[in-house]
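Values in this document were obtained by computation on a predicted structure and should not be read as measured data. For reference, positions follow the sequence shown, starting with 1.
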Amino acid sequence: MSFETAMVEEFASLPDVGDKLFPLAAPKETVAPYVVYGASPGLPVSTLTGYGSSKSLTVDMNVVASNYGEMKQHSDAALALLISFQGREIGEEGLFIQQLILEEPDEIYEDETRLHKCVISFTVHI
């Protein structure tokens, strides 16, 4: 099971955005709120004995909403869910998350689309 598949399964539990989690871009007709993510394919983790079966990948997630309060609500819920991944199995097939390292979220307002975004970047070790 891929990390992206497991993450999508976990995000299904979030109200309003759980069924609107899209890789790279939301479909044109999608109405906010929604979440867009991009994930690297990951690299094997190197140890003193060589490369093992675990890997590390980076993910950028954008929580998008039509107003600031809604963006804060959904980004807080997304962050809480991501934090809960640490040291447990996620998804139906139980992908174990060894470590999840969050970066400081960045809040953005886009004039062109008139949407509020919270960019959440993190590294996950599986």
Practice prompt. Compare every heavy atom of Val17 with every heavy atom of Pro33, then report the nearest pair and how far apart it is.
Written response: CB-CG1, 3.6 Å

Worksheet entry | Stepwise side-chain contact (heavy atoms from CB on, under 4.5 Å) test for Tyr51 and Leu43 | CA-CA 10 Å; Tyr51 288 97; Leu43 292 173; over 6 Å; no

Discussion item. Has Lys20 got a side-chain atom pairing as donor or acceptor with Val31's backbone, closer than 3.5 angstrom?
Written reply: yes

Discussion item. I need the minimum non-hydrogen distance between Leu100 and Gln86, along with the two atoms involved.
Written reply: N-OE1, 2.8 Å

Fill in: Atom pair CD/CG of Glu70 and Asp16 - distance to nearest 0.5 Å
7.0 Å

Item to complete: Work out which heavy atom in Cys118 is nearest to a heavy atom in Pro105; give both atom names and the distance.
Response: SG-CB, 3.7 Å

Worksheet item: Val35, Phe85: one ILVMFWY side-chain cluster at the under-4.5 Å cut-off?
Response: yes

Discussion item. Quick check on Arg114: does its CZ atom have over 12 non-hydrogen neighbours (other residues, nucleotides or ligands) under 6.0 Å away?
Written reply: no

Worksheet entry | Rounded distance (nearest 0.5 Å) linking atom NZ of Lys55 with atom CD1 of Ile126 | 5.0 Å

Discussion item. Starting from Leu82, can I reach Met71 by hopping between I/L/V/M/F/W/Y residues whose side chains sit under 4.5 Å apart?
Written reply: no

Fill in: Any side-chain heavy-atom pair of His125 and Ile101 under 4.5 Å
yes

Worksheet item: Do you reckon Met7 sits in the same ILVMFWY cluster as Leu102, going by side-chain contacts under 4.5 Å, direct or chained?
Response: yes

Response to the item:
When Asn62, Asp60, Val63, Leu21 are each screened for side chain to side chain contact (heavy atoms under 4.5 Å, CB included) with Tyr37, the one that passes is Leu21

Fill in: 4.5 Å side-chain heavy-atom contact, Lys72 and Glu107
yes

Item to complete: Mind checking the CD-OG1 spacing from Gln99 to Thr123? Nearest 0.5 Å is all I need.
Response: 9.0 Å

Worksheet item: Are the side chain of Glu103 and the backbone of Ser121 linked by a donor-acceptor contact shorter than 3.5 Å?
Response: no

Worksheet entry | Heavy-atom closest pair, residues Phe11 and Ala78 | CE2-CB, 3.9 Å

Worksheet item: Are Leu79 and Val64 connected in a single hydrophobic cluster, I mean Ile/Leu/Val/Met/Phe/Trp/Tyr linked by side-chain heavy atoms less than 4.5 Å apart?
Response: no

Response to the item:
Between the OH atom in Tyr109 and the CG atom in Leu115, the distance rounded to the nearest 0.5 Å is 7.5 Å

Worksheet item: If we only count heavy atoms from C-beta on, is the Gln98 to Ser54 side-chain gap below 4.5 Å?
Response: yes

Practice prompt. Could you tell me the separation between the OG atom of Ser75 and the CG atom of Asp106, rounded to the nearest 0.5 Å?
Written response: 11.5 Å

Item to complete: Please write out which residues are connected to Ile108 in a hydrophobic cluster, directly or through intermediates, given that two of Ile, Leu, Val, Met, Phe, Trp, Tyr count as joined at side-chain heavy-atom separations below 4.5 angstrom.
Response: Val119

Worksheet item: Which pair of heavy atoms, one from Val59 and one from Ala39, lies closest together, and at what distance?
Response: CG2-CB, 3.9 Å

Fill in: More than 12 heavy atoms of other groups within 6.0 Å of Glu89 CD
yes

Discussion item. Let me confirm one number: the CD1-CZ distance from Ile83 to Phe122, rounded to the nearest 0.5 Å.
Written reply: 11.0 Å

Worksheet item: Is it the case that one hydrophobic cluster holds both Leu14 and Tyr34, taking links as side-chain heavy atoms less than 4.5 Å apart, direct or via other members?
Response: no

